[in-house]
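Step one of this worksheet: look at the structure below.
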Amino acid sequence: QVQLVESGGGLVQAGGSLRLSCAASGRTFSNYAMGWFRQAPGKERELVQAISGTGGRTYTADPVKDRFTISRDNAKNTVYLQMNSLKPEDTAVYYCAAGRLNHMLGYSSAYDYWGQGTQVTVSP
């Protein structure tokens with residue numbers, strides 16, 4: 001069982017930046033691929049960025065390409081999402097997720113464990 005806790009969400013103006021953090025429990029953090037998902041009101045949850053267990057590979061969804069950067073510090077059992085040039089359409093609850101299938105970074109079905117989410121609101 002893996003427990004994930006997100007932090008760092010908040011209110012920011014368009015063009016601003018936020019960094020989300022996800023702290024994970026357990027002794028095998030490096031075995032898990034980590035993904036950041038988001039869900040806006042009235043919309044489906046979508047995978048926005050993911051990183052393999054060792055950090056060697058990433059997946060990035062087109063809407064956040066060149067703006068968001070995922071990273072991880074396995075010594076701290078933490079994954080980050082640096083969000084720059086934020087837009088109002090980035091407003092959503094952001095969720096951290098973990099999965100063991102490193103060959104399926106871009107597939108939401110590969111993620112088995114979920115955090116509680118953190119709200120990101122971008123004002124015009």
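Sequence neighbours left out, the pairs with a member in residues 33-57 that pass salt bridge (charged side-chain N to carboxylate O under 4.0 Å, His left out) are Arg38-Glu46, Arg38-Asp90. For residues 73-105, the set of pairs meeting the ring-ring contact (aromatic ring centres under 6.0 Å, His included) definition, not counting sequence neighbours, is empty.
Side-chain N or O atoms of Asp112 include none that pairs as donor or acceptor with a backbone N or O of Gly99 at under 3.5 Å. At least one donor-acceptor pair closer than 3.5 Å links the side chain of Glu6 to the backbone N or O of Cys96. Here the side chain of Gln49 pairs no donor or acceptor atom with the backbone of Gly35 at under 3.5 angstrom.
Using a 4.5 Å heavy-atom threshold, the side chains of Met34 and Phe29 count as touching. Annotation: side chain of Lys76 is not in contact with side chain of Asn74 (no heavy-atom distance under 4.5 Å). Contact check for Tyr59 versus Val48: no side-chain heavy atoms found under the 4.5 Å cut-off. Within the 4.5 Å cutoff, the side chain of Leu47 has no heavy atoms near those of the Trp36 side chain.
Scanning all heavy atoms of the two residues, the minimum distance from Leu101 to Ala110 falls at CB-CB, 4.2 Å. The shortest non-hydrogen separation linking Val5 to Gln116 is CA-OE1, 3.6 Å.
Side-chain atoms of Glu89 and Thr91 form no donor-acceptor pair, as typed in the model, at a separation below 3.5 Å.
For Asn31, the side chain to side chain contact (heavy atoms under 4.5 Å, CB included) partners at least two apart in sequence or on another chain are Thr28, Arg100. Looking at residues two or more places apart in sequence or on another chain, you find a ring-ring contact (aromatic ring centres under 6.0 Å, His included) between Tyr111 and Phe37. Take Ser85 and apply the side chain to side chain contact (heavy atoms under 4.5 Å, CB included) test, not counting sequence neighbours, and it matches Arg67.
When the shell of 6.0 Å around CD of Gln3 is examined, it contains 12 or fewer heavy atoms from other residues, nucleotides or ligands.
Here the straight-line distance linking atom CG of Asn102 with atom OG1 of Thr54 works out to 7.0 Å at 0.5 Å rounding. Summarising the geometry, atom CG belonging to Asp73 is positioned 11.5 Å from atom OG belonging to Ser30; distances are rounded to the nearest 0.5 Å.
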**Message:** Quick one, Ile51 with Leu105, criterion side-chain contact (heavy atoms from CB on, under 4.5 Å). Give me CA distance, side-chain angles, the key distance, then yes/no.
**Reply:** CA-CA 7 Å; Ile51 188 167; Leu105 287 181; 6.0 Å; no
**Message:** Run Lys87 and Val122 through side-chain contact (heavy atoms from CB on, under 4.5 Å) and show every step you take.
**Reply:** CA-CA 6 Å; Lys87 305 174 180 179; Val122 184; 5.5 Å; no
**Request:** Please assess Phe68 against Leu81 for the test side-chain contact (heavy atoms from CB on, under 4.5 Å), listing each intermediate value before the final yes or no.
**Result:** CA-CA 7 Å; Phe68 291 10; Leu81 185 67; 4.2 Å; yes
Could you list the donor-acceptor pairs under 3.5 angstrom formed by side chains in residues 11-23, with sequence neighbours left out?
{"residue": "Ser17", "atom": "OG", "partner": "Asn84", "partner atom": "OD1", "Å": "2.9"}

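Under the 6.0 Å distance and 45° angle rule, Arg72 does not count as a cation-pi partner of Tyr32.
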